[in-house]
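What follows is a single structure, written as structure tokens, with notes after it.
Owing to the predicted nature of the structure, the values given are computational and were not obtained by experimental measurement. Each ligand, and each atom within it, is numbered from 1 in the order the structure gives.
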Amino acid sequence: MKNRANPVYCSIDTTDLEGAARMIQSIGGAPKPAVGGVKLGLEFFLAHGAPGIRYAFPQPVRATGVGFFLDLKLHDIPNTVAGGIRAVAELAPTYITIHSSGGRDMLRAAVQEAGAQAAKLNLPRAKLLGVTVLTSLDKSDLEATGVNSEPTDQVLRLGALARDAGLDGCICSPHEIAALRKECGPDFVLMVPGIRPVGSATNDQKRAMTPRQAVDLGATHLVVGRPIYTAANPRDAAEAIAREAGVNDL
Ligand code: C5P
């Protein structure tokens, strides 16, 4: 199989500041990261804010080239979302999430602000990823919010909206990769959770796929949490998952 950039983003789902710092150092630190990036989300950010991110993910670790996915799932009026993007820009996230259902103007405002901040701070522009339909929602949940579509149709609609507004990609379940890839073209980032290495526990992921299956369908990035951070040796676990996904120069 052809070698590829490490697609594995390890999700650090915790409020434990020291634990997160140790984990990020272990899987993302020198001499070479075992992951493509790390994901910190609402739980960590609400507990520790920007100072917590700077502490747990310090510059020497960032300097290895490991990516930073700030999973805040922003959703508000355009002006407020743009303010949120502005507020986190100096943390230099590689990826930020926003809800595609926030609408075209909100998405465009976010894209514009990310560009403006990159220019102002002389940093690479944060890539924006749209959240489509949360996998915790089924058809009846959508109906209760006035959306009378199959969840997959709604995912494709929101994916196309995100693409047309200038977002760089979407978050999606493994089962939506192929349809979104077809709808949104070859360059669209598809960041995919619900991944389990061959032979591992599925935990509460009911319809998980293996790293290889997801990459073969067109995923560009894989979000993996517990199989890495609960492993006896997280670095080894991360490397094994990356190898399963086709990375062979670890
Ligand atoms: O531990 P695990 O690999 O299941 O973690 C997956 C990560 O992806 C978690 O941060 C979880 O919140 C997130 N996620 C998910 N399924 C979705 C959307 C996000 O597991 N449908």
Give the atom numbers and elements of ligand 1 that come within less than 4.0 Å of a heavy atom of [X].
X	value
V223	7 (C), 8 (O)
K39	10 (O), 13 (C)
V224	3 (O)
R226	1 (O), 2 (P), 3 (O), 4 (O)
S11	7 (C), 9 (C), 10 (O)
R196	1 (O), 2 (P), 3 (O), 4 (O)

- Message: What protein heavy atom lies closest to atom 6 (C) of ligand 1? Include the residue and the distance to one decimal.
- Response: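 The closest one turns out to be Q205 NE2, 3.9 Å.
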[options]: member with heavy atom nearest to [atom]:
atom	options	value
atom 8 (O) of ligand 1	P193, C172, S173	P193
atom 5 (O) of ligand 1	P174, G225, S136, G41	G225
atom 21 (N) of ligand 1	I12, V133, T135	T135

Can you check whether [Y]'s main-chain N or O pairs, donor with acceptor, with [X]'s side chain at less than 3.5 Å?
X	Y	answer
N6	A34	yes
T94	G67	no
S200	R196	no
T220	L190	yes
R108	G103	no

- With sequence neighbours left out, the residues meeting side chain to side chain contact (heavy atoms under 4.5 Å, CB included) with A110 are V81, I85, I98, L128
- Query: Would D13 count as a contact of ligand 1 if the rule is a heavy atom under 4.0 Å away?
  - Reply: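 For ligand 1, residue contact (heavy atoms, under 4.0 Å) with D13 is present.
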- Message: Taking distance alone, with N or O pairs closer than 3.5 Å, would you say Y229 contacts ligand 1?
- Response: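 In fact, backbone or side chain, Y229 has no N or O that close.
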- Task: May I ask you to establish whether R62 and F57 are in a cation-pi arrangement, using a distance under 6.0 Å from NZ or CZ to the six-membered ring centre and at most 45° from the ring axis?
- Result: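 Satisfied, under 6.0 Å and within 45°.
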- Hey, are R54 and E90 close enough for a salt bridge, meaning a charged N less than 4.0 Å from a carboxylate O? yes
